[in-house]
Amino acid sequence: MAAAAIVTSVALAGCGSGSDSGSGATGSPAGGGVENAKVAFLMPDLASTRYELQDKPLFEARMKQLCPSCTVIYQNADSDAAKQQQQVNSALAQGVKAIVLDPVDSAAAATIVQTAQSQQVPVIAYDRPIPDKPADYYVSFDNEKIGAMIAQSLVDHLKEQNAQGGLLEVNGSPTDAAAGLIKKGIHSAIDPSGFKLLAEYDTPDWQPEKAQTWVSGQITRFRDQIAGVVAANDGTGGGAISAFKAAGVKVPPVTGNDAELAAAQRIIAGDQYNTISKPIKIVAEASANIAYEFMQGKKPAGKTTLYNTPSELFVPTVVTRENIKEVLFESGIMKAADACTGEYAKGCAELGIE
């Protein structure tokens with residue numbers, strides 16, 4: 001069903017809409033001419049490998065299809081909100097007709113939206129919402145749903161295994177509104193689960209090293225009481241797994257999110273329990289479609305509304321060892337040649353990934 005929802009959403013995103021959203025969005029200057037136009041694609045950090053390896057090239061490729069003469073101005077703020085503000089100012093100075101923004105700091109990004117809209121440049125919030133100042137559009141996967149799905153998947157697994165003990169919760173960055181939504185979703189699953197929440201941590205800038213340091217402290221504190229770890233993304237999940245290995249104790253089931261290559265390999269090896277497949281191609285291409293409509297002077301309507309912003313939220317898929325072959329490899333999202341190397345070849349053979 002999730003796969004069907006994704007396919008449907010992609011079709012809708014590809015069609016686009018030129019109707020007014022009625023949300024008070026600024027739109028772009030009248031005229032609609034986009035020949036040789038510029039669009040900014042501004043990403044938040046380097047802690048997640050996806051932005052450089054997936055989001056950027058996929059967005060650029062789709063924009064090239066839509067507007068061969070257009071230029072994409074790409075910048076990564078490397079977890080620095082002030083640097084991201086400078087990048088926005090530079091993009092505006094270069095005359096961009098739209099900004100696609102994945103904010104470092106969701107609260108600080110309100111100023112960015114205000115600045116851009118005052119110059120009649122629409123802002124498409126990407127992956128992370130901007131609660132304090134409505135952007136012109138928001139494109140993402142359903143982050144609260146993601147949190148609920150990874151946590152419920154873990155809870156169900158632990159109950160099947162008759163696991164005893166409590167849970168650690170490793171959340172994302174406290175300055176990221178999407179992390180807050182994921183956190184809310186996680187709590188919706190674990191709070192009524194019957195498993196005690198031993199401790200939780202908001203990981204600054206999503207840094208895996210900081211997640212590892214915190215989990216190391218909790219291993220010393222709780223030791224054999226830890227039945228599982230709900231980590232908000234693959235980076236923090238990888239940090240948690242590293243902490244258990246460094247402590248020389250058995251790694252309990254650990255969650256993730258983003259379906260990064262390293263996470264897929266950890267799942268294949270049995271070190272990570274789950275991740276979330278949210279094909280970046282879907283949101284990257286959808287945001288390019290929306291940006292192109294704004295650049296033409298249109299105001300695309302949202303499929304839903306979040307934080308008073310017309311939005312399109314796609315449905316993700318939980319990935320475990322049971323379905324990783326189908327979801328990531330048979331679908332073409334990931335290649336066996338990339339994942340099934342060295343120590344992971346044996347696990348791939350066991351799962352029939354080739």
Short side-chain to backbone donor-acceptor contact, T203 and N171, under 3.5 Å: yes

Please report the interatomic distance CG(N274) to OG1(T317), rounded to the nearest 0.5 Å. 12.0 Å

Just checking E350: does its CD atom have more than 12 heavy atoms from other residues, nucleotides or ligands closer to it than 6.0 angstrom? yes

D55 side chain reached by F41 side chain, heavy atoms, under 4.5 Å: yes

Run T275 and T255 through side-chain contact (heavy atoms from CB on, under 4.5 Å) and show every step you take. CA-CA 6 Å; T275 187; T255 72; over 6 Å; no

Checking K97 side chain against M295 main chain: does a donor-acceptor pair fall under 3.5 Å? yes

Student check: side-chain heavy atoms of L168 and W214 closer than 4.5 Å: yes

For residues F329 and A336, report the shortest heavy-atom separation together with the two atoms involved. CD2-N, 3.7 Å

First locate atom NZ of K133, then atom OG1 of T115, and finally report the distance between them rounded to the nearest 0.5 Å. 10.0 Å

When you group the ILVMFWY residues by side-chain heavy-atom contacts below 4.5 Å and let the links chain together, are V283 and I150 in the same group? yes

What heavy-atom pair brings A163 and A227 nearest, and what distance separates the two atoms? CB-CB, 4.4 Å

Under the salt bridge (charged side-chain N to carboxylate O under 4.0 Å, His left out) test, which residues partner K245, sequence neighbours left out? D271

Inspect the contact between D102 and K56 and indicate whether a charged nitrogen and a carboxylate oxygen are less than 4.0 angstrom apart. no

Answer yes if L154 and Y201 sit in the same cluster of Ile, Leu, Val, Met, Phe, Trp and Tyr residues linked by side chain heavy atoms under 4.5 Å apart, and no otherwise. no

With the side chain counted from C-beta on, respond yes when E200 and L197 share a heavy-atom pair under 4.5 Å apart, and no when they do not. yes

Are the aromatic rings of F59 and Y126 close, with centres under 6.0 Å apart? no

I'd like to know whether V72 forms a side-chain contact (heavy atoms from CB on, under 4.5 Å) with K64, so could you lay out the CA-CA distance, the side-chain angles of the two residues, the decisive distance to 0.1 Å, and finally the verdict. CA-CA 9 Å; V72 175; K64 191 70 173 178; over 6 Å; no

Are Q207 and D45 linked by a side-chain donor-acceptor pair shorter than 3.5 Å? no

With no hydrogens and no angle check, is any side-chain donor or acceptor of S140 less than 3.5 Å from a backbone partner on D142? no

Shared hydrophobic cluster for Y74 and Y292 (ILVMFWY, side-chain gaps under 4.5 Å): yes

With a 3.5 Å cut-off and no angle check, do the side chains of Q94 and S90 form a donor-acceptor pair? yes

Intermediate values then yes/no, side-chain contact (heavy atoms from CB on, under 4.5 Å), V155 and Q152: CA-CA 5 Å; V155 166; Q152 191 62 55; 4.1 Å; yes

Where A232 and I182 come nearest, the two heavy atoms and their spacing: CB-CG2, 4.0 Å

Is the closest side-chain donor-acceptor distance between N89 and Q85 under 3.5 Å? yes

Just wondering, are more than 12 heavy atoms of other shown residues or ligands nearer than 6.0 Å to CD in E52? yes

Using the side chain to side chain contact (heavy atoms under 4.5 Å, CB included) rule, pick out the option among V251, V215, T236 that qualifies with I241. V251

Does Q65 CD have over 12 foreign heavy atoms under 6.0 Å away? yes

For the atom pair CD (Q265) and CG (D234), what is the distance rounded to the nearest 0.5 Å? 11.5 Å

Looking at every heavy atom in both I190 and A151, which two are closest together, and how far apart are they? CG2-CB, 3.8 Å

Evaluate the side-chain contact (heavy atoms from CB on, under 4.5 Å) criterion for residues I99 and V39: first the C-alpha distance (whole Å), next the side-chain angles of each, then the deciding distance (0.1 Å), finally the verdict. CA-CA 6 Å; I99 294 174; V39 56; over 6 Å; no

Do we see a donor-acceptor contact under 3.5 Å between the side chains of T309 and S311? no

Heavy-atom side-chain proximity of V229 to L167 below 4.5 angstrom: no

Just so I know, are the side chains of P44 and Y51 near enough to count as touching, which here means a heavy-atom distance under 4.5 Å? yes

Are more than 12 heavy atoms, taken from residues, nucleotides or ligands other than K159, located less than 6.0 Å from that residue's NZ atom? yes

Are I280 and V318 grouped together when hydrophobic residues (ILVMFWY) are joined by side-chain heavy atoms under 4.5 angstrom apart? yes

Distance alone, cut at 3.5 Å: any donor-acceptor contact between the side chains of D176 and W206? yes

Shortest non-hydrogen contact from A264 to I324? O-CD1, 3.8 Å

Please answer: with hydrophobic residues joined when any side-chain heavy atoms are less than 4.5 Å apart, are M43 and L53 in the same cluster? no

Side chain to side chain, E169 and K183, heavy atoms closer than 4.5 Å: yes

Just by distance, with hydrogens left out, do Q84 and D80 show a side-chain donor and acceptor under 3.5 Å apart? no

Over all heavy atoms of both residues, which pair between S173 and A179 is shortest? Give the atoms and the distance, please. O-CB, 3.3 Å

Answer yes or no: is there a side-chain heavy-atom contact under 4.5 Å between Y138 and I124? no

Should Q54 and P279 count as side-chain neighbours, where that means a heavy-atom distance under 4.5 Å? no

Checking side-chain hydrogen bond (donor to acceptor under 3.5 Å, both in side chains) for the pair S153/D156: CA distance, chi angles, key distance, verdict? CA-CA 5 Å; S153 170; D156 291 345; over 6 Å; no

Closer than 4.0 angstrom, basic N to acidic O: yes or no for K83 and D78? no

Before giving the answer on salt bridge (Lys or Arg N to Asp or Glu O under 4.0 Å), spell out for D191 and K184 the whole-Å C-alpha distance, their side-chain angles and the decisive distance to 0.1 Å. CA-CA 10 Å; D191 289 352; K184 182 179 179 181; over 6 Å; no

